[in-house]
J.: 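Here it is: the structure, laid out below.
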Protein chains: 2
Amino acid sequence: MKRCKHNNLKVTPQRIAIYKKLIELKNHPSADAMFQTVRRDFPNISFDTVNRTLLTFSEIGIVDVIEGHGRQRRFDPDISCHHHFHCVKCKEIIDFYSAEYDNLEIPENIKKKFTVLSKRVVLNGICDKCTE
Amino acid sequence: MKRCKHNNLKVTPQRIAIYKKLIELKNHPSADAMFQTVRRDFPNISFDTVNRTLLTFSEIGIVDVIEGHGRQRRFDPDISCHHHFHCVKCKEIIDFYSAEYDNLEIPENIKKKFTVLSKRVVLNGICDKCTE
DNA sequence: TGACAAACAAGAGTTGCTCCTATCTAATAG
DNA sequence: CTATTAGATAGGAGCAACTCTTGTTTGTCA
Ligand SMILES: [Mn+2]
Ligand SMILES: [Mn+2]
Ligand SMILES: [Zn+2]
Ligand SMILES: [Zn+2]
């Protein structure tokens with residue numbers, strides 16, 4: 001919660017509860033998934049607070065809002081450089097790691113024109129569970 | 001429209017109008033953006049028809065539904081292998097091309113477990129227009 | 001121990017699809 | 001060339017996932 005104070009944000013019980021759930025998660029939850037999880041320990045919390053807090057956290061770099069193919073925004077508690085496999089059937093987003101991908105060079109013409117903040121390789125396909 | 005017949009889909013004036021707009025577009029329209037464009041030539045068309053047709057086209061491989069960070073689904077009339085730069089400010093998605101990226105190998109552990117249908121490098125950052 | 005800016009809960013409002021139904025039409029058979 | 005009909009469309013209701021508003025509460029600092 002140092003990160004909160006550092007950004008002039010108050011340290012509230014709601015923020016602490018959401019943060020704790022976030023760091024123990026290993027998947028890519030939607031705002032509603034986080035809400036359902038957090039409300040088990042904090043029955044009076046509102047969806048709006050969870051959603052707003054996740055967006056606040058993404059602004060101060062605690063979570064990432066990641067690319068998706070569905071209508072729900074997906075958050076990623078793992079903010080290190082890694083890559084994603086999207087299953088087109090079950091919509092799950094699966095992490096994978098590759099030094100080769102991490103070290104990809106940004107093309108010159110892009111570097112000249114734009115400011116690149118992050119890069120990621122996104123694979124689409126069918127996961128092992130959906131193949132049967 | 002051969003593609004339609006080949007997939008047992010009727011060739012309707014609406015589908016022709018949407019298809020024509022699609023192939024002349026060079027950006028990544030949302031369903032609503034397509035609706036607004038197509039209705040100029042076809043004032044009586046409904047949003048639902050445009051949206052449904054875009055999804056139908058994506059099923060038969062005429063367009064791609066691409067990864068996004070917002071709430072609107074984005075379509076891509078360019079179905080060849082290429083890569084995307086997402087501007088986090090104006091939300092524009094800009095194409096770029098790189099032989100190096102096209103030739104990326106899929107990691108062994110992914111290839112073993114999953115069926116990969118497409119790959120793309122996604123860069124996030126700030127575009128030239130938003131930098132001023 | 002106040003004062004107060006910031007954050008919260010609850011619920012209304014908005015956006016962007018998605019579904020439903022009556023009507024229409026492209027394709028095929030006669 | 002017409003009749004038939006499965007499939008497609010328009011218009012509108014319905015729904016999911018946020019997003020905003022308002023009145024109340026609370027963490028922080030003096
Ligand atoms: Mn991840
Ligand atoms: Mn593209
Ligand atoms: Zn799957
Ligand atoms: Zn921009």
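Bear in mind the structure is a predicted one, so any value in this text is a computation, not a measurement.
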J.: Atom CG of A/N7 and atom P of C/dA6: how far apart are they, to the nearest Å?
T.: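 So the CG-P distance, A/N7 to C/dA6, works out to 14 Å.
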
J.: Considering only residues two or more places apart or on different chains, which pairs with a residue in residues 77-106 of chain B satisfy salt bridge (charged side-chain N to carboxylate O under 4.0 Å, His left out)?
T.: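 Pairs touching residues 77-106 of chain B that pass the test: B/E105-B/K111.
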
J.: Name every residue in residues 14-33 of chain A that has at least one heavy atom under 4.0 Å from any atom of DNA chain D, in order of residue number, or write none if there are no such residues.
T.: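 None - not one residue of the stretch has a heavy atom sitting under 4.0 Å from the strand.
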
J.: Are the side chain of B/N103 and the backbone of B/A99 linked by a donor-acceptor contact shorter than 3.5 Å?
T.: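 Checking the backbone N and O of B/A99 against the side chain of B/N103, a donor-acceptor pair under 3.5 Å is found.
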
J.: Could you list the protein-to-nucleotides 27-30 of chain C atom pairs, N/O on both sides, closer than 3.5 Å?
T.:
| from | atom 1 | to | atom 2 | distance (Å) |
| --- | --- | --- | --- | --- |
| C/dA27 | OP1 | B/V11 | N | 3.3 |

J.: For residues A/R74 and A/S30, report the shortest heavy-atom separation together with the two atoms involved.
T.: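 Looking at all heavy atoms of both residues, the closest pair is CD-N, 4.2 Å.
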
J.: Hey, are the side chains of B/C87 and A/F114 touching, using non-hydrogen atoms and a 4.5 Å cut-off?
T.: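 No, every pair of side-chain atoms sits at 4.5 Å or beyond.
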
J.: Would you mind reading off the distance between A/I60 atom CD1 and C/dA6 atom P, rounded to a whole angstrom?
T.: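 Roughly 16 Å, once rounded to whole Å.
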
J.: Looking at residues at least two apart in the chain, or sitting in another chain, which of them share a salt bridge (charged side-chain N to carboxylate O under 4.0 Å, His left out) with A/K119?
T.: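 A/K119: no salt bridge (charged side-chain N to carboxylate O under 4.0 Å, His left out) contacts found.
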
J.: What's the CG-P distance between B/L55 and D/dT9, to the nearest Å?
T.: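 It is 13 Å, rounded to the nearest whole Å.
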
J.: Nearest whole angstrom, please: distance from the C1' of D/dA8 to the CD of B/E59.
T.: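 Interatomic distance, CD of B/E59 to C1' of D/dA8: 15 Å.
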
J.: Can you tell me how far the CD1 atom of B/I79 sits from the NE2 atom of B/H82, to the nearest 0.5 Å?
T.: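 Interatomic distance, B/I79 CD1 to B/H82 NE2, rounded to 0.5 Å: 10.5 Å.
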
J.: Test ring pair (Phe, Tyr, Trp, His ring centres under 6.0 Å) on A/F96 and A/F85 and set out the steps.
T.: CA-CA 7 Å; A/F96 69 94; A/F85 175 90; 7.7 Å; no

J.: Is there a side-chain contact between B/K113 and B/N109, using heavy atoms and a 4.5 Å cut-off?
T.: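 In short, these two side chains do not touch, never coming nearer than 4.5 Å.
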
J.: How far does the helix from C/dT1-D/dA30 to C/dG30-D/dC1 bend, going by the axes of its first and last five pairs, to the nearest 10°?
T.: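 Comparing the first five pairs with the last five, the axes sit 30° apart.
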
J.: Any chance you could lay out the salt bridge (Lys or Arg N to Asp or Glu O under 4.0 Å) test for B/K21 and B/D41, step after step, and finish with the verdict?
T.: CA-CA 10 Å; B/K21 278 290 169 204; B/D41 299 341; 3.4 Å; yes

J.: Would you compute the distance between atom CD1 of A/I60 and atom CG of A/N8 and round it to the nearest 0.5 angstrom?
T.: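 It is 10.5 Å, given to the nearest 0.5 Å.
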
J.: Considering the options A/V50, A/L55, A/T49, which one meets the side-chain contact (heavy atoms from CB on, under 4.5 Å) requirement together with A/R52?
T.: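 That would be A/T49.
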
J.: Assign each of B/Q72 and B/P13 to its nearest nucleotide of DNA chain C by heavy atoms, then name whichever residue's nucleotide is nearer the 5' end.
T.: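 Per heavy-atom nearest nucleotide, the more 5' residue is B/Q72.
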
J.: When you measure from every atom of DNA chain D, which of residues 35-49 of chain B have a heavy atom less than 4.0 Å away?
T.: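 Heavy-atom contacts with DNA chain D come from B/N44, B/I45, B/S46, B/D48, B/T49.
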
J.: Measure the shortest side-chain to side-chain distance between B/C127 and B/I94 over non-hydrogen atoms and say whether it is less than 4.5 angstrom.
T.: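 B/C127 vs B/I94: side chains touch.
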
J.: With no hydrogens and no angle check, just 3.5 Å: does a side-chain donor-acceptor pair link A/E67 and B/H86?
T.: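 No, no side-chain donor-acceptor pair sits under 3.5 Å.
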
J.: At under 4.0 Å, does any side-chain N or O of A/R71 touch on OP1 or OP2 of D/dC15?
T.: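 It does not, given that no N or O in the side chain of A/R71 lies less than 4.0 Å from OP1 or OP2 of D/dC15.
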
J.: Could you check which of D/dT9, C/dT18, D/dT19 has an atom nearest any side-chain atom of B/N51?
T.: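 Side chain of B/N51 sits closest to C/dT18.
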
J.: Taking only N and O in the side chain of B/R73, is any of them less than 4.0 Å away from OP1 or OP2 of C/dT18?
T.: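 Looking at the OP1 and OP2 atoms of C/dT18, one of them is under 4.0 Å from a side-chain N or O of B/R73.
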
J.: What is the distance from CZ of B/R74 to P of C/dG16, rounded to the nearest Å?
T.: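 Result: 11 Å.
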
J.: Does any non-hydrogen side-chain atom of B/R73 lie less than 4.5 Å from one of A/H69?
T.: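 A/H69 vs B/R73: side chains apart.
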
J.: Heavy atoms from C-beta onward define the side chain here; which of C/dT18, C/dA7, D/dT19 lies closest to that of A/R52?
T.: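 Closest of the options to the side chain of A/R52: C/dA7.
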
